Each structure stands twice: as C-alpha cells, then as structure tokens.
Amino acid sequence: LEPVKLGFIAAQSGPLGVLGAEQKRGLDLALEALGGKLGDRPVELYTSDSRGVPGTAVQEVSKLIEKEGVDVITGGTASNEILAMVKPISKAGVTLVGSNGGPSPLAGKECNPGYYSVAFQNDQWSNGMGTYMSDHGVKRAYFIGMDYQAGWDHVGGAQSSFKGETVAKVFTPQAQLDFSAELAQIRAAKPDGVFAFYPGGAAIAFVKQYAQAGLSKTIPLYSNAGLVDTLFLPSFGDNAVGVVISSHYSADLDNPANKKFVADFQAKYKRDPSSYAASQYDAVMLIDHALRAVGGDKVDKAKLRAALATAKFDSVRGAFKFNTNHMPIQNIYVQKVERDKNGELTLRLLGVAQENAADRYAQDCAMSK
Amino acid sequence: MTILTLLEQLFNGLQYGMLLFLMAIGVTLIFGVMRLVNLAHGSMFMVGGYLASAGLQASGSFWVAIACALVGSAVLGVVLEILVIRPLYKRGHLDQLLATFGVTLTLNELVVVIWGREPVFMPIPQFLAGQVHLLGVPYPVYRLAITVVAVVAGLVLMWLVARTRFGMLVRAGADNRMMVAGLGVNVVALYTLVFSLAAVLAGLAGMMSGPLISMQPAVGDPILILTLSVVCIGGFGSIRGALVASLMIGLLDTFGRIFAPQWFGAMGNTLANMLVYIIMAFVLFFKPAGLFSIAGKKA
Amino acid sequence: MTRQLVRPLQRTWILWALLALLLLLPFLGEPYYVKLATRMVVFGLAALSLDLLVGYMGLISFGHAAFMGVGAYTVGILASNGVDVAWVAWPLAMLAGAVLALCIGAVSLRCNGLYFIFITLAFSQMVFYGAQSLRQYGGDDGFSLEAPSVFFPGVDASDHTVLFYVATFLLLAVLYVCKRLVASPFGRVAVGVRDNEPRLEAVGVQPYPYKLAMFVVSGAIAALAGALMANLTGFVSPGYVSWLVSGELLIMVILGSFGTLVGPILGAALFVLFEYVLSDWTEHWMLVFGPLLVLRVLLLKDGIYGLLLKPGQASAASPAASAHVAPAANGEPS
Amino acid sequence: MSAPLLEVQALGKKYGALVVTDGVSLTVNKGELHALIGPNGAGKTTLISQIAGQLMPDSGRIFLEGDDITSLAPPQRTQRGVGRSFQITSIFSSMTAQENVALAVRASLGQSFRFWKPASQYEQAREQAYELLALVGLGGCGHAPCNELAHGQLRQLELALALAAAPKVLVLDEPMAGLGPVEAQHMVGLLQALKKDYGILLIEHDMEAVFALADRISVLVAGRIVLSGTADDVRNSDEVRQAYLGDDDA
Amino acid sequence: MREAGDAATGREVLLQFDKVCSGYGLGQVLFDVSLRVNKGEVVSLMGRNGMGKTTLIRTAMGMLVPRDGQVSFAERRLNGMAMHRVAALGLGWVPEGRFIFPSLSVEENLMATASNRRGSTQPWTLERIYELFPRLHERRRNGGGQLSGGEQQMLTIGRALMTNPRLLILDEATEGLAPKIRQEIWQTLAAIKGTGQSILVVDKDVRALARLADRHYMIEKGCIAWQGDSTALLADAQLAKRYVGI
Ligand SMILES: Nc1ncnc2c1ncn2[C@@H]1O[C@H](COP(=O)(O)OP(=O)(O)OP(=O)(O)O)[C@@H](O)[C@H]1O
Ligand SMILES: Nc1ncnc2c1ncn2[C@@H]1O[C@H](COP(=O)(O)OP(=O)(O)OP(=O)(O)O)[C@@H](O)[C@H]1O
Ligand SMILES: [Mg+2]
Ligand SMILES: [Mg+2]
C-alpha cells in the first residue's frame with residue numbers, strides 16, 4: 001500500500017497558537033493510537049502553521065497541495081481561515097477535515113463537498129445553552145459578548161433558543177479587557193442569569209472580573225466551551241467555579257473510545273483533554289476509517305472525499321454522524337466548573353442540553369437537495 | 001440608569017483612566033526627555049505581568065511577586081537601553097519605531113518560549129480581595145487599590161520630576177542634553193535610568209493588571225496602541241497632557257461603551273470600538289500637536 | 001560609510017537579471033512558488049506606494065494597510081454583487097482607495113511628525129473596525145471572493161500564472177509611472193517637503209495640496225495592491241487592515257531602503273521570503289525576525305538596496321542621512 | 001508719491017513676557033536698500049519672519065505695494081513678491097544647487113503641479129536657474145550636491161533661492177555671515193547691482209558692508225527701532241554706539 | 001614628560017593644549033594650537049569671528065576630539081574623554097549662546113548640576129551666587145526662558161560657578177549685552193578672580209580683557225598668532241586691530 005500524505009494545518013503561532021498546539025496534541029495521540037498508520041497505510045505527515053491568519057492559511061494550503069501533494073488535510077483553527085482555505089482545497093480535489101469550528105456560511109449557502117467539520121457547527125454550542133437556560137429556571141437573561149463575528153453568532157445562537165425575557169443584548173469592543181462598566185450594568189439590571197461569550201484572553205478577563213465584582217455569587221454565568229475550557233482552566237483559578245458551559249465534548253463522557261482517549265491523554269499530558277484535542281483526535285479516526293473503506297493501492301482523493309460522509313468510527317463523543325451539509329449531528333453537553341476531590345479545577349458533566357442537535361443552516365446547503 | 005450606577009460607572013471610568021495614565025506617563029516621559037518613541041512599552045507591561053506571576057508561582061508570596069516584577073522590569077529596561085535604545089536617540093522616529101517594534105516582536109515570542117502560549121494565572125492577593133462600599137456603591141477593593149497605586153505613582157513621579165535634583169536633571173536633559181554633560185553630569189547614565197524608570201512603571205501597570213486580565217503573549221500590544229493614542233491626544237512629552245488625556249479617555253470610553261449602543265444600536269457598537277480613535281482624530285484636527293504640546297519642541 | 005558593493009551599471013544588470021528570473025518562474029512548473037512570487041509582487045506594489053510617502057515626502061504613514069484593505073473590500077464586495085470584470089472592479093478599487101486617502105489625508109496632513117504617524121494609525125483602526133462591522137460581509141471573519149476578477153472571457157485571476165503576470169506587469173507599469181512622478185516638478189516639490197518645508201513655503205509653494213495629492217496617489221496604488229491581494233488569497237477580511245500589516249509595510253520599505261522606489265520592492269520580496277523560510281523553520285520565527293529587524297535599523301543604515309548603491313547616492317537619497325551632522329545637533333535648542 | 005514697496009506699521013510680537021517686536025514701523029522703497037542693524041537678540045530675525053509670514057504678529061500691519069498682506073501665508077506672500085533669505089542656511093539638502101534653484105523658479109512660473117514631464121526638461125526654469133546661480137557666483141557648482149558645498153557657497157545659494165521667486169522686495173537675513181573676504185566683496189557688489197531693481201531690507205552685522213550699501217539704516221534694540229537715518233546719523237549717534245557698536249574705540 | 005609646575009611661575013598647570021588639531025567633519029579648524037592656563041590665573045583668548053575660539057573651547061570640553069596633539073587638565077589626558085567626565089574634572093563652562101535650561105526655574109538652573117566634587121572649603125552656594133547677582137535672586141522663581149539676555153548670561157555664569165570648577169571657561173560672556181550689563185559682568189569677573197578662581201575667557205572686548213586677564217592669546221585662522229601679557233597687549237595698538245579687527 002502506498003503511504004497516505006496527511007496535511008495538518010493549524011495556528012501554531014500567533015494568538016491562536018494555544019488552540020493549534022492542543023489540536024496538534026490530539027493529532028499526535030490519534031496517530032500514536034493507530035500505530036502511526038492511517039487505513040493501514042504508513043503516514044507522511046506535513047505540518048503547516050496558518051498563524052490563524054486567512055492570507056497565510058491560503059498560502060500554506062497551497063504549499064501543502066502543490067508542493068507536498070497531500071491527499072487530505074485536517075485541522076483549521078480560526079473560523080476565518082477555514083472560510084479562506086476551503087475553496088482552494090476543494091478546487092484542488094483535496095478534502096479538508098476540519099477539527100475546529102464550523103462557520104455558518106460553510107454550513108449553509110457556501111457549503112462545500114470538500115469540507116467536513118468534525119468538531120461542531122458554530123451555533124450548536126450556544127443553541128444548546130439557550131435551551132438549557134430556559135429549561136433550568138432562567139426567566140430573565142442578560143446576553144453579552146465581544147463585538148465580532150463569533151460573538152454575534154454565539155450570543156445570537158443562545159438568545160434565539162432562549163425562551164425567556166432578554167434583559168439586554170450587549171456587544172463590547174474587541175480590544176477591551178476591562179469590563180467594570182458592563183458588570184455594573186449587569187448588576188443594576190438584576191437578571192436571573194448571564195450568557196457571555198468571549199474568546200481567549202478576554203474570556204479570562206471577563207470571568208475573573210465577574211467573580212471579583214461579586215456577581216458570581218448572585219447571578220449564575222452561562223456560556224460555552226469558547227469561554228471556559230479545560231485547556232484554560234488553570235488560568236481562571238477559582239474565579240471560574242460555578243460557570244456553566246455547553247460543549248460538544250466532555251472528558252467525563254462514558255464510552256470506550258473516550259475512556260481510552262482520556263486515559264492516553266492523561267498519561268501523556270497529565271490533565272484532561274480539551275474539546276480541541278478531542279475533535280482533532282476524532283478527525284484522524286474518521287480519516288482512518290474512510291481510508292480503510294476506500295481501499296486500493298493508491299489513495300483516491302475523490303473516493304476518500306465521498307467515503308468521509310458515511311465512514312463509521314467510534315467518536316469519543318459517542319453517537320456522531322454528518323448532516324447533509326457535512327456538519328455534525330451530535331449531542332450538546334452541559335458542564336460546570338468545579339473543584340474535584342483533589343482540589344483541581346475540572347469541568348463536571350451535568351447532562352445533555354440537546355440530543356442529536358443539528359444546525360439550522362443545512363436547508364440552505366445545495367448538498368442537502 | 002440610577003444615580004448609584006452612574007456613580008459606579010464614574011469610579012470605573014476614573015480607575016480605567018488612572019491605569020492608562022500609569023502606562024502613558026512612561027511613554028511621555030521617555031519622549032519628553034529623550035525624544036524617543038518606544039513601541040516596546042507594551043512589552044514591558046507584559047513582562048511585568050509575567051514576572052509577577054512567575055514570582056508568585058515560585059514563592060507563593062505576593063511581596064516576592066511584586067519585587068520580581070519591579071526589579072525585573074528595571075533590569076530589562078537597563079539592558080534594552082544599553083543594547084538597543086542608546087544608538088536610537090540621534091535617529092529619526094522611523095528608525096525608533098522599527099527597532100522598538102522589533103524588540104516587541106522579540107519579547108512577545110520570548111514569553112512564548114519561556115511561559116508557553118497558555119495564559120498564566122494571577123490571583124488577587126487575599127488582603128485586596130472583596131468589596132468596599134464607596135459612597136454607597138459596592139466596589140472591588142482591588143480596583144480601588146489600582147487607582148490608589150496609579151495616583152501615588154503619578155504623584156511620586158511628578159514630585160520626582162518637579163522637585164528633586166533627578167527631576168531637574170531630567171528636564172534639563174530634555175532642554176539640552178549636551179549642556180548637561182558639559183556641566184559634569186553623566187547624561188548617558190541618566191537616560192538609562194529614565195528608561196529603566198519608565199520600564200518599571202509599565203511593569204507596575206502590568207503587574208497590577210495581572211489579576212484583572214490574563215497575561216498572555218502579546219497582551220501588551222493593544223494596550224500599547226491605546227497608550228500611544230492617549231499620549232498623542234495629551235501631547236507627546238507632556239505629563240499633564242497624559243493625565244488629562246488618560247482621564248478623558250477613561251471616562252469617555254466607559255460612558256461611550258454604555259451609551260453609544262443604547263443610542264445608536266449596532267452602529268453604536270462600531271462607534272464604541274472606534275471611540276478612542278475618533279477622539280484622537282477630533283483632538284488632533286483642532287490641535288495638531290495634542291492638547292498640551294510642549295512649546296517650541298517638534299515631535 | 002556603507003561600502004560600495006557594486007557599481008551602478010552592475011546594479012542595473014542585477015535588477016534586470018532578477019526580473020528575467022522572476023518572469024521565467026512559472027515555467028518551473030511549481031505553482032506554489034508562483035503564488036509566493038505573486039505575494040512578493042503584490043506586497044512590492046504596496047511597499048512602493050508607501051515609499052512615495054515615506055521616502056519622497058517624509059510622511060510616515062502608520063495606516064497604509066487601510067488602503068490595501070479598501071481595495072480588497074471593493075473587489076470583494078463588487079464580486080459578491082456580480083461585478084467581476086477586472087477592468088471595472090480594479091479601477092473602482094483604486095478610486096475607493098483614492099477617495100479614502102483624500103478623506104484621511106485632508107485631516108491627517110494637518111499634523112506633523114509623530115502626530116501624523118499616529119493619526120494615520122487612528123484612521124486605519126477606524127477602517128479596521130468599520131470593516132469588522134460589515135455583518136453582511138462576514139464581519140470579523142471576512143468573506144470569500146465570490147468570483148475571481150475576469151480579464152477576458154475565460155481568462156481570470158484564479159489562474160495563478162495569469163495573476164502572476166498581471167501583477168508583475170502592473171508592478172512594472174506603476175514603477176514606471178512613479179519614476180516619472182518623482183522626477184516631475186511635482187516629485188521635486190515632494191522631496192522639497194521632505195527636506196525643508198519652511199523653505200518650500202518661502203519659495204512660494206503651499207505644501208498641503210502636494211502632500212494631499214501624493215497621499216491620494218499612494219492610496220490608489222495601495223488599493224490596487226489590495227485588489228490583487230483579494231484575488232491571490234481569494235479572500236477578504238479585516239485582517240488586511242490590521243495595524244500589524246501597516247507595520248509590516250513600513251518594515252518592507254525600510255528593509256529595502258526608502259526613497260528609492262526599487263528598494264522597497266526588494267524589501268517586500270525579502271520580507272515575504274524571510275517570513276516563508278523562517279516560519280517554515282521554527283514556530284518561534286519571530287524570535288529570529290525581531291532581532292533581525294533591530295539589527296537592520298542599528299547596523300544597516302541605508303537598507304538592502306542602499307548596499308547596492310554607492311555611498312554618496314544612498315545618503316543623498318535618504319532623508320535620514322541628509323540630516324545635519326553638526327556636533328551640537330543633539331544639544332542645541334532649535 | 002506712490003505707496004512704498006514694503007511698509008510695516010506698528011508691528012508687535014511677544015513671546016510670553018518677552019517683547020521681541022515693540023511697535024516697529026519701517027518702509028522700503030523700490031531701488032532702496034534699507035539696512036537693519038542691532039545687537040544679537042534684538043528681534044531682527046523675528047521681525048523679518050513676520051514680514052515674510054513665518055510668524056504672525058500680535059499687532060500691527062504689513063503692506064506690500066499698498067496691499068495689506070498681514071494675514072497671508074508665506075507662500076502667498078512669496079507669490080506677491082516678498083523674497084526672503086534665512087540667517088541659518090535653509091535649502092533642500094538632498095538636491096543639487098541647480099535643482100534647488102530650478103524648483104524655486106518653477107514654483108514662481110506656476111509649473112510645479114505637473115506630474116509627468118521630468119523636471120529637468122522644463123527649459124525656461126533650467127535656464128533661469130543657471131542664470132541665477134551665475135549671478136550669485138555659483139556658476140561652476142550647479143551640479144554639486146548641497147552637502148558638498150562650502151558654507152560660503154551655501155550662503156550664495158540661499159540668496160539665489162530668494163531671488164528665484166522673482167520678488168519685488170528682498171528681505172535678507174545676514175547674507176554675509178560666514179563669507180570669506182572675497183566672497184563678501186562679491187556679495188556687496190551683487191547687492192549693489194540688485195538694489196536698483198528691488199527694494200531690499202538687509203540685516204547684517206558686517207558694518208563695512210552696511211555702510212557701503214545702505215541708503216537708510218534702522219537700529220533695532222530690544223525690539224524697538226531706536227534710530228533710523230543715514231550711515232552718518234548712525235555713526236554719530238551716542239545711543240547707537242552705546243547699544244550696539246560699543247563705546248570702545250580700541 | 002612635562003614638569004608638573006610651570007617653570008616660569010612655579011604654579012600648577014591646569015589646562016594645557018599641546019599642538020592640538022581639531023575641527024568638524026572633514027574640515028579642520030584648529031592647527032597645532034598650544035596654550036596653557038595655570039592655577040589662579042586669568043587667561044584671555046581673542047580673535048575675530050570664525051577664527052576658532054569656540055572650537056578650541058569645545059575641544060577642551062571634550063565635545064570635539066582632537067585629531068592630533070594632546071589636551072590635558074591638571075596632568076590628566078583629556079583626549080577622547082566623555083564630556084561629562086571632563087567637566088567633572090573641574091572645568092566650568094559658560095558656553096557661547098548661553099543655553100540655559102528654559103524649562104527650569106532660575107534656582108533650578110543653578111541647582112540641577114551643582115556639585116562640590118573636590119570638597120572646596122568655601123564652595124559656591126546659592127546664597128553666594130545671589131549675592132553676586134542680586135538680579136537672579138529677584139527672579140529666582142521665574143522660568144529660565146523668561147529672562148532677558150543679560151540675566152541669562154548671569155545665570156550661565158552662576159550655573160558654571162555652582163559646579164565649583166577649578167577652571168572657569170567663558171565663551172563670549174558679554175556678547176549681545178547692553179553696555180551697562182557688560183560692565184557689570186566684567187566687574188563680577190574681577191570679583192571672582194579675586195577669590196583665586198582660574199579663568200579662561202573668550203571675548204572681543206580688548207580693553208576689558210586687558211584689565212582683567214594676566215595673559216592673552218590671539219588666535220587667527222586656527223593658529224595662535226600672538227601671546228603675551230597685558231602690558232604687551234596695550235603697548236601695541238596695532239595688535240588688537242589686526243587680530244580682533246576693531
Ligand atoms: N520661539 C521663541 N520663543 C521664545 N523666545 C524667542 C523665540 N524665538 C526667538 N526668541 C527670542 O526673541 C529674541 C529675538 O530673537 P531674534 O532671533 O529675532 O534676534 P536677532 O536680532 O535676529 O539676533 P541675531 O543677530 O543674533 O540673529 C531673542 O531673545 C530670542 O531668544
Ligand atoms: N558645528 C560646526 N560644524 C562645522 N563647522 C563649524 C561648526 N561650528 C563652527 N564651524 C566652523 O569652524 C570655524 C571656527 O568657528 P568657531 O565657532 O570656533 O569661531 P569663533 O572664533 O568662536 O567665532 P565667533 O567669534 O563668531 O564666536 C568657522 O569657520 C565655522 O564656520
Ligand atoms: Mg537673527
Ligand atoms: Mg565663538
């Protein structure tokens with residue numbers, strides 16, 4: 001059997017480098033678990049740094065495809081770089097198996113046969129959370145987020161599935177790291193719950209200041225894995241305790257694939273895996289199964305692309321399948337930040353917010369018809 | 001909005017302004033004395049925060065953390081001044097911008113190499129945790145502490161510059177460097193000291209901000225841009241200008257963030273994002289050399 | 001003093017040889033390198049436009065990415081609305097760049113020195129946030145170019161060889177125009193602004209219209225580079241307008257030697273190359289690039305292209321070197 | 001009689017508490033050289049900066065051929081006919097001497113805002129530039145970059161730049177400063193020749209030159225004109241001796 | 001090696017120029033200049049505009065590095081020494097063009113660089129300076145930039161004295177001053193001389209210099225053209241005319 005050339009592209013440097021590094025951990029762990037083979041073929045791995053910048057991502061993709069001649073590409077960190085990468089990848093007959101994010105254009109009008117999101121569609125987390133909040137006694141909710149595309153998506157997503165009263169929906173400037181003014185507004189508004197979405201450093205700043213302002217004691221904070229994630233837990237300290245989030249993955253999930261994954265990850269990195277590592281791990285497993293299904297001596301890129309849609313693999317998330325728009329249909333889980341018996345911060349699984357959640361964009365996708 | 005909330009927002013705006021002032025004062029001091037634009041000031045902020053966090057991790061004591069941050073920033077300031085900054089005094093602003101930009105890139109990456117990309121944690125010290133009631137408004141003690149530190153730092157610096165021999169020399173050096181040397185004072189060392197002092201101020205701001213925000217690589221960059229805007233509005237080289245502009249931005253930004261979206265909807269959000277820059281363009285349109293330009297000196 | 005490495009004649013030959021090599025690149029059959037070269041050419045065009053301001057007028061713009069961005073957005077938005085003919089879209093992009101430059105310039109040019117640097121930064125940040133607020137165009141995420149720019153039916157910018165030759169042709173054409181421009185009476189006045197503005201006023205020239213005109217020309221060229229960039233990456237996003245890009249453009253100009261037109265183009269090529277080689281080598285490439293930048297400023301006063309010039313030429317061309325060398329220059333109050 | 005070429009009326013200027021120009025009035029007629037002398041810091045340079053527009057006076061008016069030019073910007077004053085030279089040489093340092101002058105000539109011919117034809121191909125400007133260079137004594141060094149010119153030559157270039165704008169009145173700030181005896185002699189001759197076509201306001205510390213050239217001399221002390229008269233008036237005034245020439249006969 | 005004391009007078013040598021060449025950029029201004037100032041002595045340097053007087057002072061202060069020859073101060077070689085170290089050795093400089101610090105008040109101007117490095121028993125203090133220049137006392141709270149030219153000149157002299165120099169160097173201290181103020185300055189200098197202060201003074205006022213200084217140097221085109229004492233100077237009327245040009 002000829003080796004398979006696997007391209008991995010993710011932000012290795014720049015502000016999003018943290019996420020890319022975690023994706024890389026998932027990738028490494030999956031390849032190790034598979035004994036360095038994909039679909040029984042030896043693997044030639046080509047790694048690229050997208051820096052989380054669309055222009056660079058396109059440039060690097062071109063290198064992977066035209067210079068290295070990869071058969072399939074996995075990874076993708078920022079939504080905007082994925083948006084930029086999909087067209088050139090697809091045009092070259094190659095397929096992107098995305099392991100983070102699923103931008104709504106690519107789920108709807110611009111959906112593309114050359115792109116699969118193994119992770120989630122961007123709205124899924126928040127839709128789940130909105131539902132959960134309504135179901136758990138939040139009547140008046142305050143929505144707040146960063147003023148940028150993902151902020152609009154997540155806050156909008158949560159609000160659209162939330163059935164109670166929206167006290168306010170606030171977007172704050174991007175460069176802002178001090179939220180005292182907004183927190184004062186929240187205190188004055190006295191909502192039952194706050195849904196917040198912030199990425200990266202702003203998330204930590206927001207959660208910390210929320211706790212420091214004494215709000216965490218009176219008004220529960222809801223969000224999704226974009227705000228608080230295993231990966232960043234240590235950076236929050238006690239401030240994050242009590243925050244409730246939704247995600248497509250939890251390290252507490254009780255299924256064999258996940259047990260093995262978590263155990264391996266624990267052994268290697270001494271902590272729970274994050275959803276970024278899990279998604280990438282799944283992405284590699286998916287490619288492995290699809291390659292196996294395709295067979296043949298040489299890797300047939302077109303057949304591989306088709307096989308990805310139906311390949312059955314044991315996802316660490318349990319039940320998993322692709323929607324017609326190549327976005328996942330999966331459970332959205334609710335978790336809470338707590339101190340475990342050892343005094344370590346952990347995300348405890350509370351339950352399922354939404355079962356077999358699909359996204360609302362599939363109907364706009366030409367592949368669905 | 002109730003009076004109490006309004007009052008709380010006023011405190012917030014003042015506190016934000018004072019934190020900006022802590023940063024701005026260093027930039028404006030360096031410019032006023034050495035005619036140097038320093039894009040590495042944001043990195044000093046970052047390094048201060050990281051050093052404090054590292055000190056805390058290593059020792060568990062906040063006092064060690066503070067010492068680490070301040071001494072570390074001072075040393076870094078001295079090293080940078082000697083290696084990079086010194087040859088830049090006689091160069092144009094463009095060279096200064098680029099070289100200090102290079103320093104920023106280097107320091108940002110160095111932080112990644114040493115501490116990794118994950119944000120580092122820094123808690124509020126126990127004795128500054130909790131809330132106090134200020135005129136009936138519940139207010140985090142730590143934020144109050146920041147304001148106090150910034151006010152004290154500002155007063156100390158003003159006293160230093162206005163009342164001490166060191167300050168006289170610094171001002172004299174800004175007037176005429178050669179003449180100060182001609183009267184027997186080691187201007188080279190004086191400049192190193194001033195640069196290092198500015199680094200300490202930035203490090204102090206970084207250290208104080210650590211428990212509020214998260215320290216991560218390049219965290220100083222947006223703060224630098226904001227600081228430069230403040231200094232520009234106030235007038236490069238003017239400490240008074242830095243103070244006025246900091247408070248102005250602190251208050252306008254705080255209230256702008258709240259009211260602009262209420263008044264203008266989504267458009268208001270965009271305005272809030274741009275607010276500082278709009279203020280800057282507005283001020284510079286009417287006063288092309290800032291609010292308090294130092295007379296007779298070209299920036 | 002920089003030592004003379006090559007004689008002017010040799011230098012000309014070196015440049016022609018480089019150009020010939022560049023033009024032969026697509027025949028190597030390595031599409032990836034063609035794209036890389038196109039990137040160099042596009043940034044070269046942007047750096048060239050910035051050199052008109054920095055090198056010839058002494059106006060340090062820290063917001064030049066705004067014009068590239070507006071060019072890219074114009075092409076992207078037009079494509080989304082069904083206008084994909086390059087003959088229409090690109091001139092419109094340049095027009096948009098020119099209009100934006102006119103607005104920004106009209107206000108910014110009231111300021112001098114540092115204030116000019118930072119007010120241009122402020123305006124580019126406004127453009128940045130403006131771009132991010134365009135929800136129908138993906139906000140912060142940006143959006144894919146619906147269709148590549150079409151030159152003739154069947155010939156469009158999605159063919160990278162075509163785009164490469166088009167970009168190179170445009171670069172050479174603009175370089176020629178700029179050469180004429182800086183040698184024209186207008187260009188001489190520009191140098192006058194850079195050298196000595198009070199004197200210029202005293203010989204009866206009002207500098208403001210000249211500065212504004214140059215700002216507009218420069219903005220239009222940068223917008224053209226943006227239009228090319230949109231086609232090269234097939235994507236448009238506010239990232240194009242980031243202050244970091246403005247900084248990078250300045251680095252390119254300085255790296256190559258400002259006030260020489262050709263230098264910044266070389267600087268852009270080198271920058272792209274550095275970025276490619278270094279980031280391929282280590283994820284911590286900034287740790288190498290940062291110090292390189294510092295060293296360039298401290299050691300290589302006349303830039304890369306300056307190395308190729310004879311000492312006298314280089315210093316006559318660069319404003320930094322023409323500053324007075326009086327020993328008391330740093331001391332006497334002025 | 002027609003209005004004087006240049007007339008300054010009760011000009012006043014303060015820097016903070018320091019009065020630099022204190023109610024100065026003077027006139028310059030066509031064909032006349034009016035010299036302005038006075039100790040360092042008396043406010044001579046400040047005065048002509050106000051005449052040429054680089055500084056705005058706090059009070060008073062300035063007229064050129066009877067038109068009020070007080071509020072005009074420097075370029076407009078130059079276009080109206082005020083040509084000035086600077087005490088501290090002020091030229092375009094990265095250009096050659098010829099390019100310096102040609103730039104100024106093109107400006108006066110209204111040929112500056114042109115974008116395509118190379119500047120060097122503007123024949124009229126080129127010719128005039130060469131003539132002016134020859135006139136001030138720089139005939140041979142038109143193509144030398146300015147940083148290769150000697151101080152004295154730069155002073156001559158400074159004058160050429162002032163003349164290039166085709167002025168009616170020349171305002172010259174110490175054109176002789178830094179010139180060697182031969183060049184100074186040449187400059188005196190040149191000003192003598194120029195005098196009849198222009199009105200000249202000359203600031204100079206070189207008394208020999210002033211006495212040789214001036215039709216009228218005004219003495220400025222601490223921002224005030226203390227005396228205005230002929231060379232002999234000045235020579236014989238005790239006040240001027242005291243304030244400026246010194247009471248020393250040694 | 002030179003002998004420590006001056007052979008003729010037996011006095012300690014302070015400033016010594018030994019065949020010094022110096023200048024700016026490519027141009028040379030001083031040619032083989034030799035000059036000496038002894039302790040307790042007042043020496044004048046005269047010459048027309050542009051002859052190199054200021055250049056000589058700048059070379060002494062370390063602002064310019066001699067291209068050839070040797071500059072020394074009290075046995076210490078100064079060539080190439082940083083300016084602040086030269087000044088700290090005890091050269092008190094009153095530069096041409098005054099250069100007070102405009103953003104400092106009068107008192108701060110005096111205080112900022114004040115020092116008493118050699119632990120003089122009768123150091124110059126603010127009180128003594130104000131005694132010398134009562135005008136400065138009146139204006140001690142004013143900004144340096146608000147002073148009149150004459151006051152600025154007093155301030156620069158006071159400022160230099162406050163460093164308690166072993167040698168006071170005055171470059172055109174009376175330039176551009178009203179005659180009355182000049183008179184005052186000369187009287188002051190005489191008073192300072194009375195305290196035993198060594199002075200090197202550059203000026204064009206021959207009569208005043210002849211009264212004040214012990215020895216004189218005439219400089220022409222960068223060379224020392226004449227030297228001698230006051231009697232010799234006054235004896236030859238042509239001398240001043242020729243070298244100072246009055
Ligand atoms: N921008 C300014 N701010 C404050 N004072 C100033 C300024 N410019 C000039 N002065 C002061 O105004 C006075 C007059 O200066 P000016 O240059 O006009 O003198 P001048 O007569 O030309 O002297 P010189 O013969 O030395 O050239 C001086 O005392 C000077 O210090
Ligand atoms: N900064 C400088 N750069 C180049 N040349 C200079 C500089 N300063 C002075 N010169 C030149 O050096 C020569 C000597 O000047 P210097 O100032 O020493 O003269 P001076 O005797 O002090 O004259 P004055 O009586 O006018 O003060 C002059 O020809 C002058 O042009
Ligand atoms: Mg003058
Ligand atoms: Mg002198």
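Nothing here was measured: the structure is a model prediction, and the numbers come from that model. Each chain gets a letter, A, B and so on, in the order its sequence line appears, and its residues count up from 1.
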- Message: Under 4.5 Å from any heavy atom of chain B, what part of A/F232 do you find: side chain, backbone, both or neither?
- Response: side chain

Enter the distance from [X]:[atom1] to [Y]:[atom2] here, rounded to the nearest 0.5 Å.
{"X": "A/Q176", "Y": "B/I213", "atom1": "CD", "atom2": "CD1", "value": "11.5 Å"}
{"X": "A/D238", "Y": "B/F121", "atom1": "CG", "atom2": "CZ", "value": "7.0 Å"}
{"X": "A/S180", "Y": "B/Q15", "atom1": "OG", "atom2": "CD", "value": "5.5 Å"}
{"X": "A/D178", "Y": "B/I223", "atom1": "CG", "atom2": "CD1", "value": "10.0 Å"}

- Is there any residue in residues 196-206 of chain A with a non-hydrogen atom under 4.5 Å from a non-hydrogen atom of chain B, and which ones are they? A/G201, A/I204, A/A205

- Flag if over 12 foreign heavy atoms under 6.0 Å of OH, A/Y269: yes

- Check whether more than 12 heavy atoms from other residues, nucleotides or ligands sit under 6.0 Å from atom NZ of A/K190, and answer yes or no. no

- Item | Expected output: side-chain B/Q131 to main-chain A/A213 donor-acceptor under 3.5 Å | yes

- Greatest number of heavy atom pairs closer than 4.5 Å to chain B - which of A/A184, A/A21, A/P15: A/A184

- Message: With chain B as the partner, which of A/A189, A/G17, A/A168, A/A188 has the greatest number of non-hydrogen pairs under 4.5 Å?
- Response: A/G17

- Query: Among B/V219, B/T254, B/I124, which has the most heavy-atom pairs under 4.5 Å with chain A?
  - Reply: B/I124

- Item | ring pair (Phe, Tyr, Trp, His ring centres under 6.0 Å) partners for B/F264, two or more places apart | none

- Are there residues of residues 267-281 of chain B that reach to under 4.5 Å of chain A by heavy atoms, and which ones? B/N269, B/T270, B/A272, B/N273

- Within residues 112-119 of chain B, which positions have a heavy-atom distance to chain A below 4.5 Å? B/R117, B/E118, B/P119

- Measuring heavy-atom distances to chain A, does B/L212 have an atom under 4.5 Å in its side chain, in its backbone, in both, or in neither? both

- Note on the structure: The interface call for B/E109 against chain A, heavy-atom contacts under 4.5 Å, is neither

- Query: Taking 4.0 angstrom as the limit, do B/R257 and A/D147 come out as a salt bridge?
  - Reply: no

- Message: Between B/Q216 and A/S235, is there a side-chain heavy-atom distance shorter than 4.5 Å?
- Response: no

